[in-house]
Every structure is written in C-alpha cells, then in structure tokens.
Number of protein chains: 2
Amino acid sequence: MIFKQSWFGKRCGEEILFPATVPGNIQYDYSIYRGFGDLQYSDNHKKLIGFEDDHWEYVTELSYKKEADERVFFVSGGIDYKYDILINGKAVYSYEGMFKPCEIDITDELCGKDTLTVHIYPHPKRVGAPAYTRDEADESCKPPVCYGWDWNPRLLISGLWQEAYIETRDSFYIGSCEALPSLNDDMTEGKVSFSFECDKECTVTLYDRDGNIVCSGTQKEIIVASPKLWWCNGQGEPYLYRWEIRNEREVRTGRIGFRRVRFVRNVGEKGPSEFPKTRYTPAITIELNGRRIFAKGSNWVNPDIFWGRIDSARYDELLTLVRDCNMNILRLWGGASVCKDVFYDLCDRYGILVWQEFMLACNNYKGTPHYLSVLESEATYIIKNLRSHPCLAFWCGGNELFNSWSGMDDQSLPLRLLNKLCFEYDPTSPFIATSPLMGMAHGGYRFYEVKQGGEVFHQFQRSRNTAYTEFGVPGMSSLENLKKAIPEDELFPIEPTASWVAHHGFDAWGPHNWVCMDVLEMYFGKQSSLEEVVENSSWLQCEGYKAAFEEMRRQWPHCSMALNWCYNEPWITAANNSIVEYPARPKPAYEAVKAALRPTLFSARIAKFSWSEGETFEAELWLLNDKPERAYGKVKAVLQIGDRTLELLEWTAEADAGLNTQGPTVRLVLPHADTDRMTLILLAENGTESRYTLQYKPTSTPVNTVKILNM
Amino acid sequence: MIFKQSWFGKRCGEEILFPATVPGNIQYDYSIYRGFGDLQYSDNHKKLIGFEDDHWEYVTELSYKKEADERVFFVSGGIDYKYDILINGKAVYSYEGMFKPCEIDITDELCGKDTLTVHIYPHPKRVGAPAYTRDEADESCKPPVCYGWDWNPRLLISGLWQEAYIETRDSFYIGSCEALPSLNDDMTEGKVSFSFECDKECTVTLYDRDGNIVCSGTQKEIIVASPKLWWCNGQGEPYLYRWEIRNEREVRTGRIGFRRVRFVRNVGEKGPSEFPKTRYTPAITIELNGRRIFAKGSNWVNPDIFWGRIDSARYDELLTLVRDCNMNILRLWGGASVCKDVFYDLCDRYGILVWQEFMLACNNYKGTPHYLSVLESEATYIIKNLRSHPCLAFWCGGNELFNSWSGMDDQSLPLRLLNKLCFEYDPTSPFIATSPLMGMAHGGYRFYEVKQGGEVFHQFQRSRNTAYTEFGVPGMSSLENLKKAIPEDELFPIEPTASWVAHHGFDAWGPHNWVCMDVLEMYFGKQSSLEEVVENSSWLQCEGYKAAFEEMRRQWPHCSMALNWCYNEPWITAANNSIVEYPARPKPAYEAVKAALRPTLFSARIAKFSWSEGETFEAELWLLNDKPERAYGKVKAVLQIGDRTLELLEWTAEADAGLNTQGPTVRLVLPHADTDRMTLILLAENGTESRYTLQYKPTSTPVNTVKILNM
C-alpha cells in the first residue's frame with residue numbers, strides 16, 4: 001500500500017521549513033517561498049545562483065498504516081543528485097546518482113512518530129574547474145545541462161525529482177519485475193523471460209494487443225510462435241504485447257514488443273580501394289527487423305528547467321507531436337540523458353525509436369575511481385531498466401566526446417566501462433561510444449555561417465556524411481512567448497540586454513546567436529518591428545530545415561540518419577534551433593519539418609535561398625520514398641511569383657520500396673515581379689503538395705519574357 | 001617435483017603408436033614415422049593434407065614418484081586445440097582452446113600402473129565454409145594462419161605444443177603466482193601487488209636489477225619509492241626488478257618493470273575545422289612514461305610451421321636480431337597471436353614493446369554463443385598471464401577486421417567481449433578493436449604496384465597516415481634456402497612449378513607474388529640466372545624498405561608508427577616481405593632496415609628508384625632523431641656514380657630531442673657514366689653513413705658536364 005507524504009523543504013543554515021512539492025525541485029520550491037517571481041521572466045532565474053553551494057533538506061513526518069505482517073519501505077524513483085536518507089536523525093542510506101531509485105526497508109527504524117529527512121548535498125563542482133562552466137560537471141554523473149548551455153540557463157537543480165512515498169509490503173508483494181523479450185535469428189519465434197521476487201507463487205500471463213491471452217502459467221518463460229513484430233513510426237504498427245505477473249493480492253503489468261535492431265554498414269562505405277588502406281566507417285544504418293530504414297527525427301532535451309515538474313501529460317503532448325511530425329527517432333542527448341519511465345512507455349506506443357545517451361557531454365571525463373564507481377552504478381540501473389522497451393534502439397556513451405572541445409578518446413575509461421556494461425546487460429543492442437563517430441557529423445547551427453561553408457542549403461549539398469545527427473536552423477520564439485520572457489521596454493529594438501542575453505538571444509554561442517540579427521539583416525535589411533523579425537526568422541527556419549532534411553533524405557542510402565538539433569526546449573528562449581517552443585507549442589518550422597519527413601513526397605533540390613530577377617532558377621525534382629512499398633504518381637511543378645503562377649513541368653515518377661528517384665531539373669529565367677518572394681509548388685496528383693518559399697529580388701531592369709528551360 | 005614422460009602418438013583408426021616429442025606437434029611426429037621426408041622440400045608438406053580431419057592421441061604410461069602427503073597433477077602449458085584428457089580410459093577433463101594451460105589433480109584416478117591419453121579432435125572447420133580456406137577458422141579460436149596464408153602453407157597442426165608433465169605437489173607448493181606492478185599518476189611511486197596460493201606462509205621479496213633487496217616480508221604489497229622506470233629499446237634502460245615468493249621448500253620468481261603506456265592523439269589530428277564536423281581520428285601515438293615515442297618495428301609471425309618445436313633458443317635468436325635492428329616494437333599479428341611465455345620474458349629484457357593481438361584475422365567472426373564462450377575463456381587467461389609483463393604495451397582485437405575482406409564492425413560481439421575483458425583484467429593498458437583503425441593504414445606489399453599508387457617511394461610520400469602498421473617490400477630468400485626448398489631442376493628459369501608455388505613464389509597473393517618477376521623485369525629486364533634474381537630482388541627490398549621506413553619517420557610527429565610486414569617467417573619461402581628468413585637468418589634488407597631505424601641518422605627523401613642520365617636528381621636531406629636528446633652534426637653528401645665520386649654539399653644540422661629537422665635539397669643533373677647504378681652517400685662527421693643505391697640508366701648521348709644545383 002502506497003502512502004504519499006507531505007513534504008517540506010529547508011535550506012540548511014536557515015531554520016524555516018517551506019512547502020515542497022514532490023516530485024519537484026527544491027530550488028523551485030525555495031523560489032516560491034522567497035517570492036522570486038516568475039523565473040522565466042527577464043533574468044529572474046539568476047536569483048538562485050547564490051544558492052548553488054548550499055545543502056538542502058526535504059522533511060516529512062511519516063504518515064502510513066501498517067499491518068502486523070507488513071514491512072515499511074521508503075521508496076523513491078530517484079533523487080537528484082547526492083544524498084543521505086535519515087530517519088529520526090539517523091542516517092540509514094547514502095547514494096550519489098540521480099537515476100537509480102532507492103527502496104529502503106525502514107521498518108526497524110520506526111518508533112511511531114517518525115521524521116524522514118532527505119539531505120541533499122551541493123551540486124558537484126570539480127575542484128579547479130573554471131567557475132560557472134560545464135567543466136565543473138566533468139567528474140560527476142550529474143547531467144551537465146543545468147551548468148549552463150546555449151539554450152538552458154545556468155540553474156543548478158536538485159531534489160526529489162521522481163515520486164517518493166512510503167510503501168507497506170507483505171509477502172504478496174512482487175518486486176524487481178522484468179519481462180525481457182528476445183527473438184530468434186529469423187524472427188519466427190519470440191521469447192519473454194520473466195524475473196521477479198515474491199514470497200508467493202505468481203502467474204505470468206502474456207496478452208496480445210487486443211487483450212487475448214497468448215500464454216499463461218507459472219513458468220518463467222513464454223514462447224511466442226510467429227510473434228507480431230514491433231515497428232517504428234512509418235514502417236508498420238508498433239505492436240505491443242501486455243504482460244502480467246499476479247498473485248492473489250498483487251499484480252504487476254507492462255508492455256513489450258518483439259523487434260531486432262542492428263547497425264549495418266552504410267551503402268557505399270567500403271573503405272579505400274588503394275593502398276595504404278585504412279578502415280571503412282562505422283556502420284550507422286539502422287536495420288529494424290531485417291529492413292534498412294532511414295532514421296528521421298530530432299534531438300530531445302529536458303522539457304523543463306525543473307526536471308521534477310515534468311509529468312506524463314507534458315511528455316505526451318511533446319511525443320504526440322513527435323509522432324505527428326513523421327519522425328521515427330529521438331536522440332536523448334547526453335547533456336540531459338535519461339527521462340522518467342513514462343517517456344519510454346509513450347515511445348513504445350508511438351513507435352519512436354530511442355537513441356539513449358549516458359550523461360556525458362562536451363567534457364573530458366577523465367574517469368577517477370570514484371567517478372567510475374558512480375557511473376557503473378547509475379549505468380547498470382539505467383540499462384537494466386530500459387533494455388526491455390521496444391523503443392530502446394541503441395546506447396551511446398555521450399555527446400561529442402571525440403571532438404576537440406571534449407578531448408576524450410576510444411581509450412577513455414568511462415566509455416570502455418559503458419561499452420562493457422551495455423555488452424553485459426543488453427548485448428543485442430548496439431553501442432556507440434559517442435556521436436559523431438567517423439563519417440557521422442554534427443553541425444552547423446545557423447542559416448548562414450562561414451564556418452559551415454555558407455548557407456544551409458549549400459552546406460549539406462556539398463557534404464557526404466553517413467549520418468547527420470545534429471544540425472540546426474535557428475528561429476525566434478512566438479510573440480506570445482517573447483512577451484512572457486522579455487520586459488516590454490526591452491522587446492524592440494532588439495539589443496543584447498540582460499533579458500535577451502539571459503534567454504539566449506545573444507552570446508549563447510558566439511555573439512549573434514540565437515537571434516542571428518546578422519543573418520536577418522544580411523537577407524532582409526534592417527528590421528522595423530518585432531513582428532517582422534519573428535516572421536523573417538520563421539521564414540528562414542522553415543526553408544532552412546526543409547532544405548536540410550530533404551537533402552539528407554536525398555542522400556539515402558549512403559546517408560542513413562537525419563536528426564536536427566533540437567526538438568524542444570526547457571524554458572522560454574528568445575530564439576533557438578528548436579522546432580517546438582516551451583512548453584509544447586509547435587513553431588512554424590514544425591510544419592515545415594513535418595512536411596519534409598512525410599514517408600512519400602516530391603522534393604526539390606534548390607541551390608540557395610535568395611534569387612534575383614534574370615537569374616536562371618533551377619530546381620532538381622525528386623520523389624522521396626521511405627515507405628516499405630513502391631511509390632508513384634504525377635507531379636506538376638509551378639512557380640508562384642508576384643501575381644503570376646508559372647507552370648513549369650509535369651513529371652510522372654516511380655520509386656521502389658524504401659528508395660528515392662531523381663527526376664528532371666526545372667529551369668527558368670526569373671522574370672520581373674513586384675514581390676520579395678516566390679514559391680515553388682510541387683502539386684502531387686493526390687492533392688498533397690511541397691512548397692518552397694524563396695527570397696526574390698527584382699532588379700531595376702524588368703525582364704518581360706518568361707523563359708522556361710527544362711532539363 | 002616434476003616428472004617428464006615418454007610420449008607416443010597415435011592416429012585414431014590406426015593401431016600403431018609412434019614416438020612423439022613433447023613439446024611438439026603430432027603431425028610432425030607422424031610425418032617422421034611415415035617417412036614423409038623433409039616437409040620443407042618441394043611440396044612434401046601436402047602429404048599431411050589427407051589427415052586434416054583425423055582424431056589423434058598422445059599416450060603415455062605414467063612414471064613418477066609420489067610421497068604420502070603429495071597430490072599428483074597432470075600439467076600442460078597448453079594443448080592445440082580441442083581435447084579430452086583420459087586416465088586409464090576415463091575422461092577427466094575436456095577443453096577447447098590452445099592457450100589456456102591445464103592443471104588436473106589426477107591423484108584419485110591413479111591405480112599405480114596408469115595410462116594417460118590426450119585425445120585431440122580434428123581441426124575446427126565451420127560447416128559451409130569454402131574448403132581449404134581460412135574461412136573455415138571463422139567460428140573458432142584457433143589462430144587461422146595454418147589454414148593457409150600467403151607465406152604459411154596450408155598445414156593444420158595440433159598437439160602438445162607446450163610442456164606437459166606430471167607434477168607432485170605438497171602443502172608447500174606455491175600456485176597461481178602473480179606480481180602485478182602499478183605506478184601512481186606522476187610515476188613517483190610504484191606498487192607491486194602479489195597474489196598466490198599456498199597452504200604455507202610465504203615471503204615475498206623484490207630485488208632491484210643488481211640484486212639488492214628493495215623490500216621483503218609477508219605482506220602482499222610492496223611499495224617502491226622513486227622506482228626505476230622500464231624503457232623500451234632506444235629510449236632508456238629496460239629496467240627490471242626481480243620478485244620472489246618463497247617458503248621453506250619452494251620458490252617462484254619472475255621479473256617486472258614499472259612503466260606507463262598510453263595512447264595520445266597524434267599531432268595535427270584535431271578533427272575538421274568546418275561544419276558539418278565528424279570526429280578526430282583515434283589516438284595512436286604511444287606515450288611511454290610520459291614521453292611520446294615513435295614506434296618502429298615489425299610484424300611478428302609464428303617462427304615455425306610446427307609451433308610446438310619453437311624453443312627459447314629460437315625466440316632468443318630472433319629477438320636479439322629485433323633489438324639489434326633498432327626496433328622498439330613487435331606486433332603479434334592476430335593470425336598467429338600468442339607466443340610461449342619465454343618470448344615475453346625476452347621482450348621484457350630487450351626492451352621490445354609488444355602489441356598483442358587476439359586470434360582473429362581476416363574473417364567475419366560472427367560470435368556464436370559457443371565461440372564467445374571459448375573466446376572468453378582463452379582471452380581471460382591470456383590477459384591475466386601477460387598483463388604483468390612490462391613489454392605488454394596494448395591489446396588488439398584482431399587483424400583487418402574492419403576491412404571489406406573481413407566485414408566486421410564496432411558492434412561485433414567478439415570485439416565488444418574482448419574490450420570488456422581487457423577493461424576488467426588490465427584496465428590501464430589501451431585496447432584497440434583492430435588494425436587499421438581510421439587514420440592508420442595497411443599496405444602496400446610490393447615494390448611497384450598500380451593499386452598502391454605506383455612505386456613504394458611515391459606511395460608513402462603521398463600518404464599522410466597516423467600509423468603505417470603493415471607495409472611490405474618483397475625479397476627472395478638466400479640461395480642457400482632456395483636450394484633447400486626448390487628441387488635443382490626447378491631452380492632456374494623460375495617458373496610457377498609446384499615447388500615455387502608451394503613456397504609462395506607465385507599465386508601467394510595474386511599471380512606474381514612473391515617472386516615479383518614482373519617487377520624485376522620491369523626494372524632490370526629478363527633475368528639470366530638465379531643469382532641475378534636474388535641480387536636484384538634484394539636490391540629492391542633494401543632500397544624499398546629504406547625509402548618506406550625513413551619516409552614514415554620523416555612524417556613524425558603526425559605519423560607515430562612504422563611496422564613493416566613482416567619480420568620473420570615460419571618456413572623457407574621462395575620470396576617474402578620478411579627481413580629475416582627461416583629459421584633466423586637476416587636477409588640483406590635486415591641491414592637496410594637496421595640503418596633506417598637508427599635513433600639518429602641523416603636521411604634522404606628521394607622521389608624514385610630509377611634515374612636516367614640527364615635527369616635532375618633531387619634528394620631532400622633530413623636529420624632524423626628519435627633519441628630523447630638533441631642531435632647535431634655535420635654531414636657531407638656525395639654521389640658515387642661509375643668511377644666518380646661527386647661532392648654535392650655539406651650541411652650542419654641540429655635537431656631537438658625526439659624531433660627531426662628538414663634540411664637542404666641536393667640537385668644534380670646526372671652526368672653520363674658507364675654503370676647501372678649510383679649511390680648517394682651521406683657521410684656524417686662521426687663516421688656513420690646512410691647510403692642509397694639507385695638504378696642509373698645512361699642514355700646514348702653522353703653529358704660530360706656535371707651540373708650541381710642545390711637548394
């Protein structure tokens with residue numbers, strides 16, 4: 001029986017107890033108590049910086065009812081990040097690590113009127129690390145994002161971020177349940193291996209998706225002949241079986257799916273043909289149930305600056321949008337790492353593959369003995385907890401660890417340890433040490449940037465990577481969100497004021513990011529209003545993401561992944577690469593990405609964003625198809641420019657299952673029009689369309705003739 | 001007390017017992033018994049092919065003396081490859097794997113007149129693998145070289161390849177001894193951790209190199225303040241301490257050294273500077289005791305086709321030559337893998353770093369459950385047995401596994417398992433999955449080859465790899481060896497007869513290799529005698545290896561390794577990339593390599609081998625220095641051509657510790673001379689020289705003027 005408690009918080013050194021919400025974060029509770037106001041507004045959040053090095057406590061007077069034959073447990077799904085549990089002042093448990101739950105039998109400590117205290121230590125900061133940087137996190141297993149990132153404020157949080165309660169248990173209690181599915185080599189037979197702890201005999205039952213019993217009994221293994229396979233979004237049904245372990249009084253339940261995930265070598269990657277020969281690139285094409293698939297999706301970050309306040313409703317909003325966006329994968333980026341369990345249940349259900357990274361990012365985790373022991377404990381729990389989810393596709397050591405700003409290597413002990421643990425506890429799932437590996441790539445992150453070869457259109461058209469697993473095009477937040485975060489007198493003109501900087505509008509990653517006024521002015525000239533900035537920014541973000549995602553799909557099968565940076569954000573940002581703004585509202589670019597990720601679409605490869613009157617406009621037509629069946633149809637290409645709609649060509653296209661087809665190239669000498677933009681529309685016979693709205697610049701000398709030159 | 005036994009061999013199905021030598025190989029004993037003659041001669045070795053699928057037995061009537069309080073053990077250092085041990089017909093032990101020793105307490109099986117049989121199963125051959133290929137070895141842990149390689153005949157061997165004997169043990173017996181050294185971070189303190197099994201109390205003692213006691217007592221750990229470090233050949237003394245574990249009656253002893261080996265990232269390898277960014281290449285520069293060193297050496301193969309017949313004298317001959325060759329590293333290539341223990345003792349003593357590969361090579365080891373269990377057992381033993389040797393620098397999963405002819409990947413279960421085991425049992429030693437990794441390179445293997453960009457000179461001058469860990473220039477064996485292997489009537493003209501082919505003169509790796517008559521005729525025209533072939537072949541091998549090794553040293557510090565393929569050979573080859581021919585005789589190229597690997601030398605970068613009268617001959621001078629101290633001196637460059645010695649220039653050079661210096665370029669329009677060769681000599685002030693003998697072709701129009709043009 002579960003008994004929720006009433007919790008209070010305390011800043012050690014202060015006497016006052018303030019109300020605390022569990023699950024939650026104590027810094028949030030403290031900010032309410034201290035009247036710090038809306039922490040999303042301006043740079044209010046900085047009020048919490050002065051409390052970074054404090055100890056905190058949660059306190060509760062225990063309230064529960066216990067039968068004679070029952071034991072009393074304190075249970076918590078996880079406590080952030082290093083803590084002691086005390087009963088009536090006596091320490092009964094200590095741990096470091098926010099992910100491993102704790103379950104403590106406290107029966108013998110209880111006297112009838114008991115106080116339970118959770119003492120939370122200050123956030124880890126490596127001695128000698130530059131202050132207020134993520135380097136401070138490089139000797140601990142605390143996800144480093146809250147140490148400050150280019151879209152997450154410096155805001156160190158801790159606390160009872162998962163459920164915490166008292167539970168009474170008798171001999172019927174069923175603990176440590178796991179239903180671990182496996183498949184034979186040709187996927188004709190599935191097996192579910194059950195494990196659990198219970199003093200009483202229990203029955204295990206497996207139900208199919210419709211609730212029919214597949215098998216039931218007291219054995220610990222169930223064989224499923226010709227199992228229905230679990231598929232990801234766009235490839236088939238994410239078919240789930242339900243399992244139950246039950247006895248007279250207790251029941252546990254969960255869902256599993258049968259699927260096989262492997263990495264296979266990217267098409268075209270054979271290694272050099274001449275001596276001296278190096279190796280071929282690491283395999284990074286996902287083969288799901290024997291079928292090579294294009295992994296299209298995004299990078300997931302913590303949906304809130306206060307992790308404890310993330311609930312299943314928030315996850316569901318965001319993940320429904322992921323599924324509807326035609327995505328089939330999310331990368332759980334190492335800076336934030338692991339989500340609450342319900343996240344994975346939802347991904348199982350929606351058919352979203354999860355690339356699960358451990359809590360390492362952009363640092364050199366040298367691997368002290370203490371660090372390695374905490375990592376081993378946390379990772380062992382994480383792997384065992386998540387490995388039975390069909391969505392859990394593969395493991396990854398951490399983010400950008402083999403790039404110069406991190407400085408780690410294949411020999412780094414934390415990565416060898418993670419490889420070992422994943423091999424021990426989940427040997428059938430792939431493991432990669434980090435992203436990017438050789439052949440994969442991260443970046444760029446701007447619509448236009450010299451260090452990415454110029455414009456985003458060109459950047460990916462000139463690249464030939466096996467996987468693009470981070471790439472971003474920034475866009476402003478909505479006016480509504482901006483007004484919540486930026487004081488009215490700072491809204492416009494946009495300057496790097498305290499509020500704009502705090503919300504990552506400037507100096508987030510170089511001086512211009514993420515408002516990118518330099519890019520906006522380069523294309524559109526001086527901006528005259530906030531509305532104009534938001535509109536132009538959205539325009540670039542939409543067309544930029546379309547150009548990038550569609551180019552990556554065109555490079556299939558050599559290129560096997562496209563995951564943009566990033567999907568969501570943890571608070572209101574002024575501008576960000578995200579396509580969904582805080583808390584769960586799609587930005588205009590969401591629709592652009594959704595369109596670009598349709599299983600089947602007509603696509604145009606266009607060299608650049610900005611065109612002038614008299615230039616020869618070119619667009620190479622493609623039929624993109626990642627469905628496991630043939631695609632075909634007619635498409636009409638037209639150009640809307642000013643008040644004219646120019647018919648360019650018609651194409652009848654066919655594409656094999658899971659493959660693209662390259663088609664004709666449209667050419668047109670751009671006529672004069674009194675407009676600043678033009679839209680190429682690919683009208684499919686079935687009524688769907690692909691639209692590309694590009695900048696148009698008339699010159700002073702009008703060209704009246706419309707010249708259309710097709711390949 | 002150890003009791004050697006008299007062994008007999010038996011081919012199952014035949015009744016006769018024939019004499020067997022232990023250590024040895026049963027196929028060798030059988031060939032003696034059957035009068036097959038010298039197996040090195042012609043293609044005699046093929047007489048053994050018909051016995052590949054046989055079962056064999058070793059039989060001995062046990063002879064020993066046992067005291068009342070003693071137990072009786074059968075001990076073997078290793079049995080190749082899958083076997084049962086029977087006492088008086090009763091199976092008492094079974095194992096698969098040739099490296100793990102066996103020690104079986106047979107006391108209770110003995111009746112007084114006992115027969116011990118070792119039953120040996122046929123060589124593993126994967127069902128479905130193409131017959132007589134190394135694919136047959138891809139599901140077993142038998143080193144695949146004897147399945148046939150381009151310098152090892154198809155000759156499957158098995159047997160008691162290590163010592164095997166009866167041993168009586170009482171309570172004073174000391175077993176499972178290990179002295180495991182470690183160093184603290186700044187190498188100011190060493191520690192030796194002792195482990196052993198004994199019923200009696202034992203004393204451990206540590207002696208320095210000169211026999212002085214460092215520490216002695218009954219504790220299991222000895223701390224050494226300011227330990228003398230072990231250095232590899234050319235970098236300092238390979239300083240060894242001696243340890244002893246002793247009690248009243250027994251003593252065990254061994255040697256250890258204190259050193260630290262890490263991989264650090266190669267200079268210049270930072271990763272891309274523009275987005276999209278992939279990772280930097282894996283670190284492959286050896287840092288020994290805090291000092292980056294250039295790893296210069298060779299690939300070691302099995303020194304005999306019958307592994308059992310390799311003794312410490314043979315190892316010592318070969319390893320003395322390695323040390324004298326100025327090498328500091330040997331790669332123990334995966335096709336042959338692990339050597340007998342004395343090999344590593346000698347490498348400890350001579351300062352030769354060992355790159356130890358596991359027994360995987362050029363196959364796709366898919367990792368069946370059975371294979372993985374054998375691999376785990378064998379690798380666990382290998383790692384624990386070798387990890388305390390100072391020479392053991394790093395571990396490697398196997399050979400060329402990430403190239404198209406193997407087809408494995410970072411996800412391959414055998415490699416993940418090996419990474420895990422090395423991390424568990426030897427975490428301070430680096431581990432690489434295979435060679436080559438990205439940035440490293442293997443090949444080419446000919447003096448001239450279109451698929452390597454042409455001539456060996458050019459091939460490496462146009463490459464920029466982080467490590468060249470296999471590259472070869474073939475050379476004929478000596479006349480003496482040829483006459484032992486090739487029948488007189490086949491010696492000349494050289495044709496692809498049965499004997500020449502059997503000894504890898506033709507069709508070993510493509511039609512021309514390794515005699516490479518195509519290359520010889522390209523440079524020298526039709527050959528008129530065997531002596532001429534041997535001489536010209538040696539000329540090319542000498543100059544080719546010099547050009548390659550010196551170019552790789554010139555590319556330091558970006559390039560950190562140069563290991564040629566290969567050092568030695570297991571039997572008489574007609575021609576081979578080896579620089580030492582069977583059994584342990586240096587070929588002329590040995591001296592060339594020795595000169596190229598001197599710690600300090602003047603070196604000439606020359607673009608090609610063959611020059612014509614009237615051409616402008618160029619040579620870029622360098623001072624190469626991998627000593628940990630400054631090098632400097634004067635050098636005089638002269639060209640010997642015909643009867644003239646032309647003085648070209650003098651250079652006073654200086655090089656920092658461990659770094660090279662690029663110097664002036666010699667230029668000279670080649671005059672006429674009645675000769676077919678010319679020699680560039682760099683005469684150092686201290687009397688040493690570097691010599692480069694190149695082909696010279698006079699034209700019909702003599703050029704009498706000598707034009708010298710220097711940079």
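First the proteins, then the strands, lettered A, B, ... as listed; each starts at 1.
For chain B, the nearby part of A:R265 is the side chain; its heavy atoms alone come within less than 4.5 Å. Both the backbone and the side chain of A:N403 come within less than 4.5 Å of a heavy atom in chain B. No part of B:R464 comes within reach of chain A, as not one of its non-hydrogen atoms sits under 4.5 angstrom from that chain. Looking at A:L421, there are no atoms closer than 4.5 Å to chain B (heavy atoms on both sides), in backbone or side chain. If you measure heavy-atom distances from A:S429 to chain B, the contacts under 4.5 Å come from the backbone alone. Of the atoms belonging to B:M440, it is backbone heavy atoms, and not side-chain ones, that fall under 4.5 Å from chain A. Residue contact with chain B, scored on non-hydrogen atoms closer than 4.5 Å, involves the side chain of A:E424 exclusively. Within the 4.5 angstrom heavy-atom criterion, only side-chain atoms of A:S463, from C-beta onward, approach chain B.
Ranked by heavy-atom pairs shorter than 4.5 Å toward chain A, the options B:S406, B:S404, B:S435 are led by B:S404. Contact count versus chain A (heavy atoms, under 4.5 Å) is highest, among B:R262, B:Q459, B:E269, B:E400, for B:Q459.
Shortest non-hydrogen contact noted between A:F423 and B:R416 is N-NH2, 3.3 Å.
At a heavy-atom separation below 4.5 angstrom, chain B is approached by A:K270, A:E274, A:F275, A:P276, A:K277, A:T278, A:R279, A:Y280, A:T281, A:P282, A:A283 within residues 270-288 of chain A. Listed in order of number, the residues of residues 442-453 of chain B that approach chain A to under 4.5 Å between heavy atoms are B:H442, B:G443, B:G444, B:Y445, B:V450, B:K451, B:Q452, B:G453.
Under a cut-off of 6.0 angstrom, the local environment of CG in A:D185 is sparse, with at most 12 non-hydrogen atoms contributed by other residues, nucleotides or ligands.
Side-chain atoms of B:Q411 come within 3.5 Å of backbone atoms of A:F431 as a donor-acceptor pair (strictly under, hydrogens ignored).
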